[in-house]
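Read through the structure below, which is laid out as structure tokens, and then see the notes.
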Amino acid sequence: MTTPDSSQSSDFIRTIISEDLRAKKNDGRLVTRFPPEPNGYLHIGHAKSIFLNFGVASEHQGGICNLRFDDTNPSKEDTKYVEAIKEDVKWLGVDWNDRIFYASDYFDTLYNYAILLIKKSKAYVDSLSAEEIRAYRGTLTEPGKNSPWRDRSIEENLTLFERMRAGEFDEGTHVLRTKIDMASLNMNMRDPTLYRIRKVPHHRTGNKWHIYPMYDFTHCLSDSIEGVTHSLCTLEFQDHRPLYDWVLDELGVENHPQQIEFARLNISYTVLSKRVLHELVDRGNVSGWDDPRMPTLHGLRRRGYTAKSIRSFCDRIGVAKRDAVVDMALLEHSAREDLNHHAPRVMAVLRPLRLVIENYPEDQDEELDAPNHPNDETMGIRKIPFSRILYIEQDDFCETPPKKFFRLAPGREVRLRYAYLITCIGVVKDEQSGKIIELRCTYDPTTRGGSAPDGRKVKATVHWVSSIHSLQAEVRLYDHLFTTPTPKITNDGKDFTSNLNPRSLETLQDARVEPSLKSAVPGTHYQFERHAYFCVDRVDSSDNALVFNRTVALRDTWSKAQQTKTKIAGK
RNA sequence: UGGGGGAUCGUCUAAUGGCAGGACGGCAGACUCUGACUCUGUCUAUCAAGGUUCGAAUCCUUGUCCCCCAGCCA
């Protein structure tokens, strides 16, 4: 079990649980569970549930939380998803110890419970087609009507159900349904289906079964079997709670957990629906479940989000019952907050502009000391090579600087970070295009390290790399996957993909990074100073082909001010 | 127009009859060898209308708006 987080704020679920515990309900036991279906990858919405379930259990003496795969639909599920889910949960820092379960482990028990219901005359085999069942169900405002097969004898039902199990019937010919009330105001209570025939192999039980139990039958019983006390799920299951309780009551089980619903997570500029994420993967809108633009845990991890930042994000958003869309900026803040402490600083020039220091000897170079973290000496220092020809960022030079532009300009002096003060004395342009291709500068040899003996100040410090010493790298700049805060809301009946952001990925092939990054280990986090936090891509990066993913940009009041100015000017 | 839920700063979220608070965000400033970080100040909220009460986000009444439900998905 993970360590309790003492700073954990309370929420309505924790309040209920604390009260139950104080009242010695369930003999003072606390058992929760995280029940993913292995039909896709986990996303950050699942992280919310994981931290809620495992978190609340860890906060109480003796509390436990199970990891349980809800694997009742073999046509959609796969072992590869089971493995990916386990990896993600582990990555989040959650330890389920040996408490890993599968609903499919309960298939025999579930089958016997189904027989019990039949014997109690509370379930029957229906031979209507799927379409007919739908038609008989009625509508939201009209009651349904009983199936003609509803009054089969217990013996006939038993025989038919056994034959379903034995694989004697084709898919769709029969189902086992409860006998509740076709006129119920709650659609879920109109004789919901318990079992359907599926003639596909299951990733864990192989060909043993030809019938599979439905969620409403499986979930409550699995909870009960595992001794779960508090079954936490999302809001859309509120209407299912009467059925959850009905099944357990009818079967007279010993342990009857309490289902409590909370609002699922939504984040602006992305989608958190496994179905939709599946579509993005299948249609090739992204490179896969682990595309760094995806809100999946695999994607976020590859993008450079840390488990800790995701946890603090989940702590911050809280747990409540109202529908909400959390600002993506809050997630980004959580990333910066963690990375700021831990990511070593390095210099990288994303869009290089050649800079020649005329008074620096051609055949000379030297090494300068640079701290790995400006506010944390314990992270040490590294050497950075300096020479006559450097690269700086194109954005750090402006031939006709606007007001408040502090960076390099003709005749202006700035500091090269941890190096020297330089002054721009000339600009070389391409004769054809007029594009600036090189800057001519002089340096002040007395300013080695970056400060002037005479105490003079400069308004800006720019980062740089030495041209011959620097390394080429590919840099992937990621932006929001969608252009609108609520991607599922579209105009003119268009598909949600019409809101996909065409600029969600910009790849820079000619970035130059300092040589200390030579053997950067995949998955390592860095701050490219004055740019952003980056993560060495765990899939594509190697010693001879460095690839960096931008996790999240540094806050940038300068460019923000520029954008505001442009916007105002555009009006 | 059935049933089940929900409405508090721009966004999340506290306050369970007693000062509407926190975080993100925005704005302004200080600091700065990252226009970062940090720090300071500041901005903005109880869905509406009635009622009960010394006192209401909270209790009552009547409305309004939003979400979910008609899978042999979970």
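The structure displayed is predicted, hence computed values, not measured ones. Throughout, protein chains are lettered first and strands after them, A, B, ... in sequence-line order, and every chain is numbered starting at 1. What's counted below: heavy atoms across the whole structure, side chains too, no hydrogens, waters or symmetry copies.
Note on A:His174: nothing from the nucleic acid sits closer than 4.0 angstrom, heavy atoms only. Residue-level contact check: A:Leu140 touches the bases, meaning some heavy atom is under 4.0 Å from a base atom. Residue A:Glu529 is classed as a base contact, given a heavy-atom separation below 4.0 Å to a base. As judged by a 4.0 angstrom heavy-atom cut-off over every strand, A:Val319 is placed among residues touching the sugar-phosphate backbone only. Nucleic acid contact for A:Ser129: base, since at least one base atom lies under 4.0 Å from a heavy atom of the residue. Residue A:Val458 is classed as having no contact, given no heavy-atom separation below 4.0 Å to the nucleic acid. Within the nucleic acid shown, A:Ser451 comes within 4.0 Å of at least one base atom, counting heavy atoms only. Counting non-hydrogen atoms under 4.0 angstrom, A:Pro242 reaches nothing in the nucleic acid. As judged by a 4.0 angstrom heavy-atom cut-off over every strand, A:Asp239 is placed among the base-contacting residues. No contact: A:Arg275 has no heavy atom under 4.0 Å from any strand. Across all strands shown, A:Tyr195 has no heavy atoms under 4.0 Å from either base or sugar-phosphate atoms. Nucleic acid contact for A:Phe405: base, since at least one base atom lies under 4.0 Å from a heavy atom of the residue. Base contact: A:Gln527 has a heavy atom under 4.0 Å from a base atom. Across all strands shown, A:Leu416 has no heavy atoms under 4.0 Å from either base or sugar-phosphate atoms.
A salt bridge links A:Asp454 with A:Arg456: the distance from a Lys NZ or Arg NE/NH1/NH2 to an Asp or Glu carboxylate oxygen falls below 4.0 Å. Taking 4.0 Å as the cut-off between side-chain N and carboxylate O, A:Glu393 and A:Arg530 do not count as a salt-bridged pair. Ion pair A:Arg165/A:Glu162 flagged as a salt bridge, since at least one NZ, NE, NH1 or NH2 atom sits closer than 4.0 Å to an Asp/Glu carboxylate oxygen. At a threshold of 4.0 Å, the pair A:Glu37-A:Lys274 does not count as salt-bridged, since none of the basic side-chain nitrogens sits closer than that to a carboxylate oxygen. Ion pairing of A:Arg241 with A:Glu261 is present here, as a side-chain N (NZ or NE/NH1/NH2) and a carboxylate O approach within less than 4.0 Å. One finds a salt bridge joining A:Asp105 and A:Arg204 here, because a Lys/Arg side-chain nitrogen approaches an Asp/Glu carboxylate oxygen to under 4.0 Å. Looking at A:Asp181 and A:Arg190, no side-chain N of the basic residue comes within less than 4.0 Å of a carboxylate O on the acidic one, giving no salt bridge.
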Please assess A:His219 against A:Tyr215 for the test ring pair (Phe, Tyr, Trp, His ring centres under 6.0 Å), listing each intermediate value before the final yes or no. CA-CA 6 Å; A:His219 204 89; A:Tyr215 166 85; 4.8 Å; yes
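A:Leu235 has its CG atom 15 Å from the P atom of B:G4, to the nearest Å.
At a cut-off of 3.5 angstrom, counting only N and O atoms as typed in the model, there is no donor on one side facing an acceptor on the other between the side-chain of A:Asp323 and the base of B:G6. You won't find any donor-acceptor pair under 3.5 Å spanning the side chain of A:Arg316 and the base of B:U13, going by distance alone. The base of B:A36 has none of its N or O atoms less than 3.5 Å from a complementary donor or acceptor on the side chain of A:His463. In this model, no side-chain donor or acceptor of A:Arg322 finds a partner on the base of B:G5 within 3.5 Å.
A close approach under 4.0 Å does not occur between any side-chain nitrogen or oxygen of A:Thr139 and OP1 or OP2 of B:G2. Distances shown here put a side-chain N or O of A:Arg198 below 4.0 Å from the OP1 or OP2 atom of B:C73. For B:G71, one of the phosphate oxygens OP1 or OP2 lies less than 4.0 angstrom from a side-chain nitrogen or oxygen of A:Arg134. Considering only side-chain N and O atoms, A:Lys560 lies under 4.0 angstrom from the phosphate OP1 or OP2 of B:G26. For A:Arg137 and B:C72, the shortest distance from a side-chain N or O to OP1 or OP2 is below 4.0 Å.
Look at the P atom in both B:C9 and B:A14: the space between them is 13 Å, to the nearest Å. One C1' atom belongs to B:C68, the other to B:C19, and the distance between them is 38 Å to the nearest Å. For the P atom pair drawn from B:A74 and B:U46, the interatomic distance equals 44 Å after rounding to whole Å. For the C1' atom pair drawn from B:U58 and B:U52, the interatomic distance equals 13 Å after rounding to whole Å. On the C1' atoms, B:C24 is 23 Å away from B:G6, given to the nearest whole Å. Across the P atoms, B:A45 and B:U40 are found 23 Å apart, a figure rounded to whole Å. Rounded to whole Å, the C1' atom of B:U44 lies 15 Å from the corresponding atom of B:A23. Rounded to whole Å, the separation between the P atoms of B:U8 and B:A49 comes to 16 Å.
Of the residues in residues 551-558 of chain A, those placing a heavy atom less than 4.0 Å from an atom of RNA chain B are A:Leu554, A:Arg555, A:Asp556, A:Thr557, A:Trp558, in numerical order.
Considering CG of A:Asn340 and NE2 of A:His373, their distance stands at 5.0 Å, rounded to 0.5 Å.
Comparing A:Val175 and A:Ala320 against RNA chain B, the residue whose closest nucleotide sits nearer the 5' end is A:Ala320. Mapping A:Thr447 and A:Thr15 onto RNA chain B by nearest heavy atom places A:Thr15 at the nucleotide closer to the 5' end.
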Which atom pairs, one a donor and one an acceptor, fall under 3.5 Å between side chains of residues 551-562 of chain A and the rest of the protein, sequence neighbours left out?
| unit_1 | atom_1 | unit_2 | atom_2 | d |
| --- | --- | --- | --- | --- |
| A:Thr551 | OG1 | A:Arg303 | O | 2.7 |
| A:Asp556 | OD1 | A:Trp558 | N | 3.2 |
| A:Asp556 | OD1 | A:Ser559 | N | 3.1 |
| A:Asp556 | OD2 | A:Ser559 | OG | 3.1 |

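Distance alone, capped at 3.5 Å, places no donor-acceptor pair between the A:Ser184 side chain and the A:Met189 backbone.
Ring to ring, A:Phe386 and A:Tyr420 are close: their centroids are under 6.0 angstrom apart. Taking the six-membered ring wherever Trp is involved, the centroid distance between the rings of A:Tyr244 and A:Phe237 does not fall below 6.0 Å.
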Wobble G-U and Watson-Crick pairs count when both distances are under 3.5 Å; given that, what is the 5' to 3' dot-bracket string of RNA chain B, with | for pairing to other strands? .((((((..((((....[..))))((((((.......))))))...(((((..]....))))))))))).....
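Regarding the sugar-base torsion, B:G71 falls in the syn class, its angle being within 90° of 0.
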